[in-house]
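First comes the structure, then the notes that go with it.
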Amino acid sequence: MTTLPTRPTLLVLDAEPLPRLGRLTGRARVVHTGADRLAERLPQADVLLVWDFTSHAVREAWPGEGPRPRWVHTASAGVEHLMCPELAASDTVVTNARGIFDQPIAEYVAALVLAVAKDLPRTLEHQRERAWRHRESRRVAGTRACVVGSGPIGRAIVGTLKALGVTTALVGRTPRTGIHGPADLDRLVSRADWVIAAAPLTEQTHHMFDAHRFGVMQPSAFFVNVGRGALVDEDALAQALTRRWIAGAALDVFTAEPLPEDSPLWGLPGLIVSPHMSGDTVGWRDELGKQFVELYERWAAGRSLVNVVDKKRGYVPGH
């Protein structure tokens with residue numbers, strides 16, 4: 001078992017509001033830093049908490065000679081913002097915030113499905129216009145969904161949609177009981193009323209939703225991305241919506257964030273844009289801080305960490 005110093009140095013890549021780490025008082029030497037001094041301070045750190053999970057500073061600061069933290073934790077589900085070849089090849093352990101966002105994102109997806117099926121956006125629009133326009137809405141129970149990404153978030157989405165009576169198919173990296181493999185994706189997508197992307201970003205999933213995939217969807221299909229922005233070829237989605245290959249889409253994540261004001265995505269017909277908020281419920285930052293403190297206590301006690309990322313795959317294996 002590795003002997004830890006009396007007070008290991010915990011380096012925090014800051015973002016406002018700062019994490020609540022009061023439970024670690026006297027047990028860790030906490031050093032806060034911005035991106036500008038991260039490279040300078042990395043060699044003195046035993047642990048790095050990437051609280052600013054929108055920053056790419058770790059990828060830029062990690063390369064080079066000298067000691068590096070033995071453990072890096074990111075307060076996010078995705079890890080592509082910090083992974084670089086040097087970190088992937090090192091013996092540094094990387095963990096993520098797996099488990100915090102599962103049900104909130106599932107609820108957000110369910111809210112989108114219900115809102116679209118019941119035509120709520122147009123109802124609100126007609127209310128603003130003081131226009132009484134009776135319409136028929138769509139029944140959700142009995143529709144079909146294809147959820148791509150078999151991790152905890154994808155599984156939570158499946159469970160929530162099933163509760164609404166939606167027939168679901170879950171697609172993962174490898175086929176196994178209850179989970180389809182990539183070879184089934186086109187067939188499942190072509191039959192789905194709702195196609196939901198919740199996969200991690202890897203070389204295999206980059207732009208997996210392209211012109212071909214949108215082309216095999218039904219004209220009545222609705223697409224949702226709550227995974228990573230680069231899962232989607234945004235130009236191909238724009239074409240699919242403009243040419244009405246699909247009925248509509250909702251994006252909570254984008255290739256460039258924040259989405260630039262001049263992005264054509266803002267004005268696409270049938271597209272709902274939300275600012276990467278599907279997993280962010282009231283108190284979510286406190287949950288992230290509590291999760292990290294619990295992980296730190298395991299690490300300091302010499303116990304094995306959970307939520308350990310396979311650095312070559314880019315996600316926590318076992319799902």
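Computed from a predicted model, the values in this text were never measured in an experiment. When a residue number appears, it is its place in the shown sequence, counting from 1. Only this structure's heavy atoms are used, side chains among them; waters, hydrogens and symmetry mates stay out.
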Has [X] got more than 12 heavy atoms of other residues, nucleotides or ligands less than 6.0 Å from its [atom1]?
X      : atom1 : result
Glu203 : CD    : no
Arg23  : CZ    : yes
Gln127 : CD    : no

If you measure from [atom1] on [X] to [atom2] on [Y], what distance do you get to the nearest 0.5 Å?
X      : Y      : atom1 : atom2 : result
Asp36  : Arg41  : CG    : CZ    : 8.0 Å
Thr160 : Tyr108 : OG1   : OH    : 15.0 Å
Arg37  : His32  : CZ    : NE2   : 14.0 Å
Leu82  : Trp62  : CG    : CH2   : 9.0 Å
His73  : Leu13  : NE2   : CG    : 12.5 Å
Arg139 : Lys118 : CZ    : NZ    : 7.5 Å

Which atom pair, heavy atoms only, marks the closest approach of [X] to [Y]?
X      : Y      : answer
Gly149 : Leu170 : O-CD1, 3.4 Å
Ile153 : Ala198 : CG2-CB, 4.2 Å
Leu237 : Ala249 : CD1-CB, 4.0 Å
Ser137 : Ala117 : CB-O, 3.5 Å
Gly172 : Pro182 : O-CD, 3.3 Å
Ser150 : Arg176 : OG-NH2, 3.3 Å

Inset, instruction - Before accepting this row, confirm whether a basic side-chain N of the pair Asp193/Arg144 lies closer than 4.0 Å to the acidic partner's carboxylate O. - result: no

[Y] and [X], any side-chain heavy atoms less than 4.5 Å apart:
X      : Y      : answer
Leu21  : Val293 : yes
Ile272 : Phe222 : yes
Met83  : Glu80  : no
Ser263 : Phe254 : no
Tyr296 : Leu49  : no
Thr54  : Ser76  : no
Thr9   : Asp46  : yes
Leu271 : Phe223 : no

Legend entry - Criterion ring-ring contact (aromatic ring centres under 6.0 Å, His included) on Phe292 and Trp71, from CA distance to verdict: CA-CA 12 Å; Phe292 172 74; Trp71 168 35; 5.4 Å; yes

Legend entry - From CA spacing to verdict: side chain to side chain contact (heavy atoms under 4.5 Å, CB included), Thr95, Val306: CA-CA 7 Å; Thr95 58; Val306 297; over 6 Å; no

Inset, instruction - Before giving the answer on side chain to side chain contact (heavy atoms under 4.5 Å, CB included), spell out for Arg68 and Glu86 the whole-Å C-alpha distance, their side-chain angles and the decisive distance to 0.1 Å. - result: CA-CA 11 Å; Arg68 292 291 185 267; Glu86 291 82 0; over 6 Å; no

Legend entry - Check: Asp186/His212 side-chain N/O donor and acceptor closer than 3.5 Å: yes

Give the cluster check for [X] versus [Y]: same hydrophobic cluster or not, with ILVMFWY residues linked at side-chain heavy-atom distances below 4.5 Å.
X      : Y      : result
Val224 : Leu161 : yes
Met277 : Leu259 : no
Val316 : Val58  : yes
Tyr315 : Leu231 : no
Leu201 : Phe101 : no

Look at the side chain of [X] and the backbone N and O of [Y], then say whether any donor-acceptor pair between them is shorter than 3.5 Å.
X      : Y      : value
Thr25  : Gly22  : yes
Glu234 : Thr255 : yes
Lys311 : Leu87  : yes
Asn96  : Thr74  : no
Asp252 : His276 : yes
Trp245 : Val216 : no
Asn307 : Arg98  : yes
Asn225 : Arg228 : yes
Arg298 : Ser304 : yes
Thr92  : Pro69  : yes

Inset, instruction - Please confirm whether Arg138 makes a cation-pi placement over Trp194, using NZ or CZ under 6.0 Å from the six-membered ring centre and within 45° of the ring normal. - result: yes

Legend entry - From CA spacing to verdict: side chain to side chain contact (heavy atoms under 4.5 Å, CB included), Cys146, Val171: CA-CA 7 Å; Cys146 176; Val171 179; 3.9 Å; yes

Legend entry - side-chain hydrogen bond (donor to acceptor under 3.5 Å, both in side chains) evaluation trace for Thr123 with Arg135: CA-CA 9 Å; Thr123 295; Arg135 302 171 324 280; 2.7 Å; yes

Inset, instruction - Carefully, step by step, assess Phe214 and Val232 under the rule side chain to side chain contact (heavy atoms under 4.5 Å, CB included). - result: CA-CA 10 Å; Phe214 291 121; Val232 176; 4.1 Å; yes

